[in-house]
Structures are given as structure tokens and as C-alpha cells.
Amino acid sequence: MADQELLLSVGLLLLLLLLGLMACCLWKRKKSKKGRSQYEELLSTVPSVPACSAPVILVSQGSWATPSEIPFTLPPRFTTQNHEDLKNEEEEEEEMKMEARRDILAHRGSLSVRRWYPVGTVLAGLYSVPPLNEVVAPPPGMATRLCFSVEYRHSGEQLMVSLLRLGNLPPRFHGNVTLVELRLLPDDRRPRQAKARGTGPDPEFNDCFVFQVSGVCVPQSTLSVCVLSVEQDGKRHAVGRVLFPLEGELGQAGRVLWRDLETEDDTQCSELGDVQISLSYSPSLQRLSVVVLRARGLQLLTDAGVCVQVSLQIHTQVVKLKRSCVVKSEHSPYFDHRMTFKLRSQHLDEACLRFELQQPNDVRSEPPALLGVLVLGPFMYARGLQLQHWMDMVNTPQEPVELWHGLGRPT
């Protein structure tokens, strides 16, 4: 009997609790509906703001606009209006649309103070800008040209050289691999090399090189870019060279530049004349081979002929001295004289070659007349092209490297 009373009391408590929960849910739902209706009534009482609409004139509608012209108008100012004024404004807008289509040419260049402001038309052709990365190639038939850009960053003292492409490469080099060697003369000893990503008349590179150089040395520096064509058997041919002085060009940093390649035929002779030298070194045989090919633009003193004296020096000591045969010519003698010197690999940074172009005198007791001097060697002795020629010989063993060099005055 006691158990039944206990179960009955528990059942009544659960029933009361369930009824209380149902009443609470109904009360919350009624309250939320009431708040939503009040919120909707509140939104409906907010006054609507009239739209600020300007007349839109389509280029395709009407015969007054050509495809190359775009009508240019100034938008009206936003002002608060009443409902009565809005109807009047809509009527005025319709009238203005009709007037604008008829009289747009008459209003060109003037400014109206009504609902809209016609100020003329914009010529779309004047604002067609090509993409930034697009490089316009030179027209065919011109000299071989190199496209690059130079930028100097003072914060990091870095010279950024972006090598882009070549244009109008000679037809005999179209099937070869194109290489480019960059140096910063006069102090750069190690060349930076880039390989073209394609063949044909306009090979592309898209490479960037960084030279660490102080801002004081940049105005006295020259960027040397040598273009080479490599055959399938590895034989190299010099296509041309670009010498780009950095003085006065840093103010136009980042600008894409086109420069013609200087070939051997285009290079002007120096004041005393030039001489063409071929160098090659064999590490296995420890042999330095020198070929004096020819000279041009010499300032001859007599008609006795010209010879070349070549001396191998280590520091200030002359190790070996050799002399070519005398060639009689007016101003451009052809020698093609080969000489070999014994030189160890550890002495490549300590040795140099001194070339002297001489004219023998009729009197044997008198020394020969000296026409010009040339020194080829490492950083200790040479700068510029003379240093570059020596470094190319060291970096490409067993391969002859030919270059023209200007003669200097004897010291």
C-alpha cells in the first residue's frame, strides 16, 4: 500500500513538471512573435530614401558616338528630396535623357549644372596600355639587339640585372644554343652565365642576376654582356658584346633597354691599333698556347715591317720570351704565329703575358721601335677585357678563346 502511494506521488510530480515545460515553451514562442511584429512595424515606419540615379547613355544607342569614343560624365550630387519633388525630378530626367542624346556633341568640353554633367568623350585608343611583362621585339632586318633592365637598390647595395631576350639573331646561329656571360667591369673576376630557353631568331632568357657592389663604385663600373653561340659539338662562336656604362643610368632604374650588339666588324680601332689574340690552356699538359692572329690600325713609323714579342712573366720575373717573324704590311699585318709556354696550374693567378708590337730598325745596334703594348693576365695585372680574356681561358680549358684588344702606350 505504501509502495503504490509512492509511485502515485512520483507520477504526479512528473506530470506537473511536463506541464510546466510546455507552458514555458508556449510563452516564449508567443513573446518572439510579438517582438518580430513590432520590429517589422518599426522598419515599415522608416522613410525610404529616393535613389540617386543619373542618366545612362549607351554607346551602342544613338549615332552620335563612335566605337573609339566613350562618353564621360560626372555623377550628380546626392541630396534629400520630398515625394512631390521626386515626381518633378523624374520628369526632368526623362527630358534630360532626350536632350542629352540630341545635344551631346554640342555640350562636349562644357559643364552643365543640371542633374548631370557631360564633359566630353574619352578616346579609348589613347589609354590602351600593353601588359607590363610584354616586350616589343625590334623590327626584322636590324642589327642583333639585347633586351635587358638594370636597377640599383641602395638599401642592400645590390645591382639587379634582368636579362630578357635577344632580337634578330643571325640566321647561322638559329639552330645553336645561345649563352650569355655577364661581368661587372673592371673588378669582376667571375662571369655569370645564362642559357637561352629557346632557339631561332629571338631566344628568350628571363633571368635575373645580382651584383654586390657599393654605391661609390657603381658610377665607375661598366656592365659587360657577351653573347656566345654554342654548336652541338661544343664549339663556341662570339656573336657580339654589349658594354653598358652605369654612370648616369641609375636614375632610370627598372626601364627595359634595347642595345645593339657590337661585333668585331663594328668595333672601332683604338688610337694605337688593335691586335687579335687566341689563348688556350691545357691543365693536363700544363701548357699555355698563344696565337697572334693579326693586327689592324697600326701607326707605323717606317716600312721595315712589324713583329710581335711575347713574354711570360711571374710577378716581375720574365720566365720566357718569344718573338714572331717580321711581317711587312701597311696597317693590318696578318701573323697567325703560334707559341707555347710551360706554365703550372698553381701559377695561373701569378703569371701574365706581355705583348709588344715592334718595328725593327735598319741599324741592328739600335733597339726596335715600340708601337704598342698589351698585357693579358689575372686580377693582379689586368682589368676589363684583358682580365676577361684570361679568365675565359682558365674557365674553359682546352678551348681557344679569341678576342681583339686595343694597344696601350708603353710605360
Side-chain angles (χ1 to χ4, degrees), residues 181-191 222 224 226 228 236 238 241 243 262 264 267-283 285-298 306-324 327 333-358 370-411:
E181 293 183 348
L182 295 91
R183 283 184 177 87
L184 193 62
L185 304 178
D187 299 331
D188 196 4
R189 303 179 62 184
R190 182 174 61 89
T222 300
S224 172
C226 181
L228 304 173
R236 296 188 174 191
R241 184 186 311 273
L243 293 177
E262 295 181 1
E264 294 182 357
T267 306
Q268 297 182 356
C269 294
S270 59
E271 182 180 357
L272 300 179
D274 300 335
V275 61
Q276 188 182 23
I277 305 295
S278 174
L279 298 180
S280 64
Y281 182 73
S282 174
L285 301 176
Q286 296 186 354
R287 183 176 62 191
L288 175 61
S289 301
V290 181
V291 182
V292 181
L293 297 173
R294 53 181 173 168
R296 63 185 181 188
L298 300 179
V306 182
C307 67
V308 180
Q309 177 179 292
V310 184
S311 59
L312 176 64
Q313 301 180 11
I314 297 180
H315 296 295
T316 58
Q317 181 182 1
V318 178
V319 178
K320 195 70 175 180
L321 190 146
K322 295 186 178 183
R323 184 175 298 173
S324 70
V327 177
Y334 184 78
F335 298 98
D336 197 16
H337 188 83
R338 184 183 182 88
M339 312 174 190
T340 58
F341 299 90
K342 196 71 175 181
L343 182 63
R344 296 182 179 179
S345 301
Q346 58 266 29
H347 292 156
L348 285 175
D349 291 337
E350 303 172 355
C352 70
L353 290 172
R354 179 182 173 90
F355 299 83
E356 295 182 359
L357 269 75
Q358 302 174 352
L370 194 57
L371 301 179
V373 178
L374 171 66
V375 177
L376 301 181
F379 188 77
M380 185 184 300
Y381 305 96
R383 296 290 188 275
L385 293 179
Q386 292 78 18
L387 171 63
Q388 179 176 337
H389 196 175
W390 185 270
M391 298 306 298
D392 289 343
M393 176 199 69
V394 175
N395 296 329
T396 57
Q398 307 287 350
E399 295 185 9
V401 182
E402 299 178 6
L403 275 181
W404 281 95
H405 298 280
L407 296 174
R409 298 187 180 276
T411 55

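Source: prediction; values computed, not measured.
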Approximate separation, where rounding is to 0.5 Å, of Leu312 CG and His347 NE2 | 10.5 Å
For Trp390, does its backbone N or O pair with a side-chain atom of Tyr281 as donor and acceptor, under 3.5 Å?
-> no
Of the non-hydrogen atoms in Gly406 and Gln386, which two are nearest, and what is the gap between them?
-> O-NE2, 4.4 Å
Between Arg344 and Gln286, is any side-chain donor less than 3.5 angstrom from a side-chain acceptor?
-> no
Partners meeting side chain to side chain donor-acceptor pair (under 3.5 Å) with Gln313 (sequence neighbours left out) | none
Do you know the tightest heavy-atom contact between Leu293 and Ser278?
-> CD1-CB, 4.4 Å
Using side chain to side chain donor-acceptor pair (under 3.5 Å) as the criterion, list what pairs up with Arg287, not counting sequence neighbours.
-> none
Just how far is it from atom CZ of Arg323 to atom CD of Gln309, taken to the nearest 0.5 Å?
-> 4.5 Å
Interatomic spacing from NZ in Lys320 to CG in Leu353 - rounded to 0.5 Å | 14.0 Å
Grab the two heavy atoms, one from Leu285 and one from Lys342, that are nearest each other, plus how far apart they are.
-> O-NZ, 3.0 Å
For His389, check ring pair (Phe, Tyr, Trp, His ring centres under 6.0 Å) against everything at least two apart and list the hits.
-> His405
Answer whether the closest heavy-atom distance between the side chains of Phe335 and Val275 falls below 4.5 Å.
-> no
Residues that Arg338 engages under side chain to side chain donor-acceptor pair (under 3.5 Å), provided they are two or more places apart | Ser289
Nearest heavy-atom approach of Ser224 to Arg241 is OG-NH1, 3.8 Å
Run through Val327, Leu357, Val290, Leu371 and flag the one making a side chain to side chain contact (heavy atoms under 4.5 Å, CB included) with Val308.
-> Leu357
Worked check of side chain to side chain contact (heavy atoms under 4.5 Å, CB included) between Phe341 and Val310 = CA-CA 10 Å; Phe341 299 90; Val310 184; 3.9 Å; yes
Is there a side-chain contact between Leu403 and Ile277 (heavy atoms, below 4.5 Å)?
-> no
Please assess Val373 against Leu407 for the test side chain to side chain contact (heavy atoms under 4.5 Å, CB included), listing each intermediate value before the final yes or no.
-> CA-CA 5 Å; Val373 178; Leu407 296 174; over 6 Å; no
Just jot down the side chain to side chain donor-acceptor pair (under 3.5 Å) partners of Ser282, sequence neighbours excluded, or say none.
-> Ser284, Gln398
Which atom pair, heavy atoms only, marks the closest approach of Tyr381 to His315?
-> OH-N, 2.8 Å
Approximate separation, where rounding is to 0.5 Å, of Leu348 CG and Leu288 CG | 8.0 Å
For Ser311 and Val318 the tightest heavy-atom approach is CB-CG1, 4.1 Å
Of all pairs that satisfy salt bridge (charged side-chain N to carboxylate O under 4.0 Å, His left out), the ones with a partner from residues 385-401, not counting sequence neighbours = Arg183-Asp392
Measure the shortest side-chain to side-chain distance between Pro400 and Val291 over non-hydrogen atoms and say whether it is less than 4.5 angstrom.
-> no
Calculate, to the nearest 0.5 Å, the distance between atoms OH and CD belonging to Tyr334 and Gln276 respectively.
-> 8.5 Å
Between the CZ atom in Arg294 and the CG atom in Asp274, the distance rounded to the nearest 0.5 Å is 11.0 Å
